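First the structure, in the form of structure tokens, and then the observations on it.
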2 protein chains.
Amino acid sequence: MATKHHAHSHKQEKVDAEDALRNAGLKVTKPRLAILDLLASEHGPFTPDEIHVRVTQSKAAGACDLVTIYRCLAKFEGLSLINRCDFGDGTVRYELGGKDHHHHHIICRLCKRVDSLPDCPVEDKSIKMPKTGFRDVSHRLEFFGICPDCYAG
Amino acid sequence: MATKHHAHSHKQEKVDAEDALRNAGLKVTKPRLAILDLLASEHGPFTPDEIHVRVTQSKAAGACDLVTIYRCLAKFEGLSLINRCDFGDGTVRYELGGKDHHHHHIICRLCKRVDSLPDCPVEDKSIKMPKTGFRDVSHRLEFFGICPDCYAG
DNA sequence: GCTTAATTGCAACTCGTTTGCAACATCGGC
DNA sequence: GCCGATGTTGCAAACGAGTTGCAATTAAGC
Ligand SMILES: [Mn+2]
Ligand SMILES: [Mn+2]
Ligand SMILES: [Zn+2]
Ligand SMILES: [Zn+2]
């Protein structure tokens, strides 16, 4: 599913992230580069464990402890380099993030496949934000269903 | 915030739930009644721990182990008597559920107060459900912000 | 190169939730 | 009302994602 998210090249995304690390006074280490590299090359989102497996198996020498994955992800999230997804199954997932990456997902209840939905119906317009008196309102929106592969097969 | 959810009396909600238990071949026990009683009288949503505290402190003799709370909630959820809420802070919450109880929440990022939003913007209207080929699509939607009390005080 | 502060690995720990199992209530039938 | 079958509970132990302390290591600046 090629979408607007591929406006930048993967290599460019990674370079941007590296710069962001430097600008924030963070050290550029092999594990951090490996994680950013992965997230720039595959949309995900990935659990910390999935990231750990891929980064460790990759020949790109980013192997590290799972704890390091957690700590890097926490730093990245703090810098808004990545976004956290929570699909309500006991673990969290991450994908490349930042201002212009806001979007939502539809998850297959059977095979757990995750598709990204290019447009946000909330900002977009259609949803009428209820007037609650709250400020700085953000939202979390996920769809769940049965994907074509699952109801066909 | 009195809403359409109070169309039935609290007592009636509880009786309905009791019937649902019987109809499902489940035994009607003191802990189960106490939990349903609480959820019918206060909107919540409540964490299993909060439910445990309230049910155990209540003079209504529903005291039980926290494990029992978890097991009852799991059964209730399976029967769609209650709905699970996940606000992404390490614990889950429950409130009375079922067909006509679908709604969403806005949570204060500072004091964690939870308000229920009476209307669902997704079903309710325009939200153009993206055509994904998925079937039986449901959704989870939560808003986060700063509540009036927090930005005033 | 050398210094210093940030980062990492490892082990131990936290905490919400789950599971095993024996004791115990509920409920339908007598 | 009593009784047995089946579902439910309490307690303790286990589980698993995520976190933390600390000593060893490494990146960055000079
Ligand atoms: Mn995505
Ligand atoms: Mn609610
Ligand atoms: Zn959105
Ligand atoms: Zn809705």
Side-chain angles (χ1 to χ4, degrees), chain A residues 17-37 44-56 58 60-79 81-94 112, chain B residues 17-37 44-56 58 60-79 81-94 112:
Chain A
E18 242 186 87
D19 287 351
L21 280 181
R22 294 207 145 89
N23 294 341
L26 294 184
K27 292 182 180 175
V28 179
T29 67
K30 266 175 288 184
R32 284 174 179 175
L33 285 180
I35 296 171
L36 292 175
D37 205 14
F46 299 110
T47 67
D49 217 74
E50 289 168 343
I51 295 173
H52 181 231
V53 169
R54 288 171 197 243
V55 147
T56 294
S58 158
C64 65
D65 196 272
L66 178 57
V67 180
T68 297
I69 304 285
Y70 276 106
R71 288 197 267 225
C72 290
L73 292 173
K75 277 270 162 67
F76 294 173
E77 191 185 7
L79 297 174
L81 291 179
I82 60 178
N83 288 335
R84 173 198 303 240
C85 305
D86 186 346
F87 297 158
D89 62 339
T91 184
V92 90
R93 288 175 175 75
Y94 291 93
K112 308 305 176 190
Chain B
E18 243 186 86
D19 288 349
L21 280 181
R22 294 207 144 90
N23 294 340
L26 295 184
K27 292 182 178 172
V28 179
T29 67
K30 267 174 287 184
R32 286 175 178 174
L33 285 180
I35 295 170
L36 292 175
D37 204 15
F46 300 110
T47 67
D49 216 75
E50 289 168 345
I51 295 173
H52 181 231
V53 168
R54 288 171 196 243
V55 147
T56 294
S58 158
C64 65
D65 196 272
L66 177 57
V67 179
T68 297
I69 304 283
Y70 276 104
R71 289 196 268 226
C72 290
L73 292 174
K75 277 270 160 69
F76 294 173
E77 190 184 8
L79 297 174
L81 291 180
I82 60 177
N83 288 335
R84 173 198 302 241
C85 306
D86 186 345
F87 298 158
D89 62 339
T91 184
V92 89
R93 287 175 176 75
Y94 292 92
K112 308 304 176 188

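Just so it is clear, the structure is predicted and the values come from calculations on it, not from any experiment. Proteins come first, then strands; the chains are lettered A, B, ... in the order of their sequence lines, and each starts at number 1.
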Could you tell me the separation between the [atom1] atom of [X] and the [atom2] atom of [N], rounded to a whole number of Å?
X	N	atom1	atom2	value
I51(B)	dG16(C)	CD1	C1'	14 Å
L21(A)	dT7(C)	CG	P	9 Å
E77(A)	dG18(D)	CD	P	11 Å
H52(B)	dC15(C)	NE2	P	17 Å
L33(A)	dT8(C)	CG	P	10 Å
D49(B)	dC15(C)	CG	C1'	10 Å
D86(B)	dA17(D)	CG	P	16 Å
D65(A)	dG18(D)	CG	P	15 Å

What nucleotide, of [options], holds the atom closest to the side chain of [X]?
X	options	value
K27(A)	dT8(C), dT26(D), dT18(C)	dT26(D)
V28(B)	dG10(D), dC27(C), dT8(D)	dC27(C)
R22(A)	dA28(D), dT17(C), dT18(C)	dA28(D)
K75(A)	dT7(C), dA12(D), dT8(C)	dT7(C)

Would you call [X] and [Y] a side-chain contact if the rule is heavy atoms closer than 4.5 Å?
X	Y	result
R22(A)	V28(A)	yes
T68(B)	R32(B)	no
R84(A)	Y94(A)	yes

Would you please confirm or rule out a distance under 4.0 Å between OP1 or OP2 of [N] and any side-chain N or O of [X]?
X	N	answer
R32(B)	dT8(D)	yes
T29(B)	dT8(D)	no
Y70(B)	dT17(C)	yes
T91(B)	dT17(C)	yes
T68(A)	dT8(C)	no

* Asked: Heavy atoms under 4.0 Å, any strand shown: does L66(A) hit a base, just sugar-phosphate, or nothing?
  ->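 It contacts nothing in the nucleic acid.
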* Asked: Under 3.5 Å, is there an N or O donor on one side and an acceptor on the other linking the side chain of R93(B) and the base of dG16(C)?
  ->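 Side chain to base: no pair below 3.5 Å.
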* Answer with yes or no whether R71(A) presents, from its side chain, a donor or acceptor under 3.5 Å of a partner atom in the base of dG9(C). =>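 Checked by distance alone, the answer is yes.
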* Going through the checks in order, is the side chain to side chain contact (heavy atoms under 4.5 Å, CB included) test met by T47(A) and V92(A)? -> CA-CA 6 Å; T47(A) 67; V92(A) 90; over 6 Å; no
* Contact nearer the 5' end of DNA chain C, comparing V92(B) with L26(B) ->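 First, find each residue's nearest nucleotide; the 5'-ward one identifies V92(B).
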* Asked: SG of C72(B) to CD of E77(B): how many Å apart, nearest 0.5 Å?
  ->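 Between atom SG of C72(B) and atom CD of E77(B) there are 13.0 Å.
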* To do: Test L36(A) against L21(A) for side chain to side chain contact (heavy atoms under 4.5 Å, CB included), laying out the working first.
  => CA-CA 10 Å; L36(A) 292 175; L21(A) 280 181; 3.9 Å; yes
